[in-house]
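Worksheet: one structure, shown below.
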Amino acid sequence: MASDGFRATCKDCLNANYRSKYKERTPEQVQEAKDYQKQYRKENQEKIRALQRQWKANNPERSKELNKRSRSKPQSKEAARKRVAKWIANNPDRYKEIRSKSNSKIKRELTDGYIKSIICGDYSSGLTFDDVPPELVELWRQQILIQRNIKNKSND
């Protein structure tokens, strides 16, 4: 093959040369490169995140497609579950703090899921979230808001 006009060698020869150099690396060199990459990511975390956010903003369709594709793989779902379980086991206090904040936000905003969980109660009731119509959720939401207002008025 001929060169592309910018290099003295053709692309195929150039790529073959790069591949051969990569394959000739020793395990120590490979580990050294991994350590360097890890250290770089650690030191430039904010810069990397900013670049990722910028790419996602500039490529929303591609980003959604890649995200959807990676999350649809069964092995990635199972791996994510394992990763989260491991993180929870290693960080029980942090997990408790995050769950507490999340639960207080859910209670404050009276989400549909929270109200359905109140209506359905425990599993012995036999009700599922699908059994609860949206109108009933809205009625319960209004009832809870009224109860909160009465409680706040009596405390004042």
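Look at Lys68 and Glu65 and you find no salt bridge, because none of the NZ, NE, NH1 or NH2 atoms lies under 4.0 Å from a carboxylate O.
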Practice item. Go through Glu109 and Lys105 one step at a time and tell me if the side-chain contact (heavy atoms from CB on, under 4.5 Å) criterion holds. Key: CA-CA 6 Å; Glu109 294 178 357; Lys105 181 181 178 186; 3.2 Å; yes
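Nearest heavy atom pair, residue Thr111 against residue Arg141, reads C-NH2, 3.7 Å. Closest approach of Cys120 and Phe129 over heavy atoms only: SG-CD1, 3.8 Å. For the pair Arg148 and Arg108, the tightest heavy-atom approach, listed with the atom from each and the gap, is NH1-O, 3.5 Å.
Here Asn15 contributes atom CG and Cys10 contributes atom SG; the two are 8.5 Å apart, rounded to the nearest 0.5 Å. Here Leu136 contributes atom CG and Asp131 contributes atom CG; the two are 11.0 Å apart, rounded to the nearest 0.5 Å. The line from CG of Asn91 to CD of Glu97 is 11.0 Å long, rounded to the nearest 0.5 Å.
Apart from Ile146 itself, the hydrophobic cluster it occupies contains Ile150, where clustering links Ile, Leu, Val, Met, Phe, Trp and Tyr at side-chain heavy-atom distances under 4.5 Å. Summarising the hydrophobic clusters (Ile, Leu, Val, Met, Phe, Trp, Tyr; side-chain heavy atoms under 4.5 Å, direct or chained), the residues clustered with Trp87 are Val84, Ile88, Tyr95, Ile98.
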Result block: side-chain N/O donor-acceptor pairs under 3.5 angstrom for residues 42-57, not counting sequence neighbours:
{"from": "Glu43", "atom 1": "OE2", "to": "Gln39", "atom 2": "NE2", "distance (Å)": "2.7"}
{"from": "Asn44", "atom 1": "ND2", "to": "Tyr40", "atom 2": "O", "distance (Å)": "3.1"}

Please report, to 0.1 Å, the donor-acceptor pairs under 3.5 Å made by any side chain of residues 27-37, with sequence neighbours excluded.
{"from": "Glu28", "atom 1": "OE1", "to": "Thr26", "atom 2": "OG1", "distance (Å)": "3.3"}
{"from": "Gln29", "atom 1": "OE1", "to": "Thr26", "atom 2": "N", "distance (Å)": "2.9"}
{"from": "Gln31", "atom 1": "NE2", "to": "Asp35", "atom 2": "OD1", "distance (Å)": "2.9"}

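The only option from Ile119, Leu145, Asp112, Leu110 that meets the side-chain contact (heavy atoms from CB on, under 4.5 Å) definition with Trp140 turns out to be Ile119.
Cluster membership for Leu139 and Ile115, using ILVMFWY side-chain heavy atoms within less than 4.5 angstrom, is not shared. When hydrophobic clusters are built by joining Ile, Leu, Val, Met, Phe, Trp and Tyr residues whose side-chain heavy atoms come closer than 4.5 Å, directly or via intermediates, Val132 is grouped together with Ile118.
Annotation: side-chain contact (heavy atoms from CB on, under 4.5 Å) contacts of Ser100 (sequence neighbours excluded): none. Scored by the side chain to side chain donor-acceptor pair (under 3.5 Å) test, Ser102 finds no partners at all (sequence neighbours excluded).
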